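Atoms within a ligand are numbered from 1 in the order they appear, just like the ligands themselves. Here the structure is a predicted model, which means the values were calculated and not measured.
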Amino acid sequence: MENPVAKKLEALLKLQIIDSKLDEIKKVRGDLPVEVQDLEDEIAGYETRISKFKEELTVLNETVSKHKQEIKEAERLTEKYQQQQANVKNNREFEAISKEMELQDLEGQVAKKKIRETLAKIEKKEDAIDDTEKALEERNKDLKNKRRELDIIMSESEEDEDKLLKEREKRSKLIEPRLYRPYSKIRENAQNGLAVVMVKRDACGGCFNIVPPQRQAEIREKKKIIVCEHCGRIFADVEEVVVVEKEKVKKTGIRKKGTEAAGTPKVAAEE
Ligand SMILES: [Zn+2]
C-alpha cells in the first residue's frame with residue numbers, strides 16, 4: 001500500500017462502500033415516506049369533502065324549514081279565507097275568495113313537493129357522508145400502520161445512517177477534490193450509485209462490459225487511475241475469482257469454508 005495511487009483507490013473504494021450502504025438505507029425506507037404523504041393527502045381530501053357535504057346538508061335542511069313555513073302560511077291564509085267566505089255578501093266575493101284559497105292550496109302542494117325532493121337529496125347526502133366517513137376511517141387505519149412501519153424503519157436505520165454520515169465526512173476529506181468531483185459526478189449519473197467498481201469475472205462491475213486482459217493487468221498494477229472506457233467508472237482493482245479459490249480450499253482443506261469471501265469488497269458484487 002505504499003503505492004500512492006493504490007492508497008487513493010483504496011480511499012475511494014471505502015467511500016464508495018459507505019455511500020452504497022447509505023443508498024441501501026434510503027432504498028429500504030423506499031416509498032414509505034411518499035406513501036405516508038399520499039395517505040395524509042387522501043385523508044385531508046376526505047375531510048374536506050365531508051365538511052363540504054355537511055355544509056350542503058345544512059343548506060338543504062334550511063330549505064325544508066323554509067318550505068314548511070310556506071305550508072304553514074298557506075294553511076293560515078286558507079283558514080282566514082274560510083272565515084271570510086262564511087261572511088260573504090254575494091257570489092262574486094265568494095268566487096274571489098275561492099280563487100285565493102285554490103292558490104294557497106297550490107302553494108301548499110308545491111311546497112310539499114319541494115320538501116319531498118329536498119328530503120331525497122338529504123338522504124343521498126347523508127349516505128355520501130357515511131360512505132366518505134367509512135373510507136376516511138379505513139385510510140386513517142392505513143396511515144396509522146404505515147406511520148408505525150416508517151417509525152420502526154427510521155429508528156432502526158437512523159443510528160446507522162448517522163454513523164455512516166460521520167464516517168463519510170471523515171473519509172471524503174481524505175480524497176483530493178480532483179478525484180472527489182468526478183466521483184460525485186459519476187455517482188450522480190449512475191443508476192446504481194456506483195462510481196468505483198471492481199473488475200469482476202473479466203467485466204466492469206458497473207456496466208458489465210468486458211475489460212481486456214491487458215487492461216486488467218494495468219488495473220492490478222495501480223500505477224495510474226484507470227476508468228472504464230464504456231461507463232467511465234473508476235476501477236479500484238480486479239476481484240479475485242472466488243470460485244477457483246473455493247475449489248482450492250476444498251482440495252487442500254487448509255482454510256475453513258466461508259472465510260475466503262470475507263476480504264472481498266462488496267461493492268462490485270452488488271449487481
Ligand atoms: Zn463500465
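- A salt bridge (Lys or Arg N to Asp or Glu O under 4.0 Å) with Glu117 is found for one member of Lys114, Lys121, Lys113 and no other, namely Lys113.
- Side-chain atoms of Glu47 and Leu136, non-hydrogen and from C-beta on, do get closer than 4.5 Å to each other.
- Between Asn90 and Glu93 there is a side-chain heavy-atom pair separated by less than 4.5 Å.
- The side-chain contact (heavy atoms from CB on, under 4.5 Å) search around Lys134 returns none, not counting sequence neighbours.
- For the Zn ion (ligand 1), the nearby protein N/O/S atoms, meaning those under 2.8 Å, are Cys204 SG, Cys207 SG, Cys228 SG, Cys231 SG.
- The other residues sharing a hydrophobic cluster with Tyr81 are Leu77, Val88, Phe94, Ile97, Met101, where clustering joins ILVMFWY side chains under 4.5 Å apart.
- Checked against side-chain contact (heavy atoms from CB on, under 4.5 Å), Glu126 has the following partners two or more places apart in sequence or in another chain: Leu57, Ile122.
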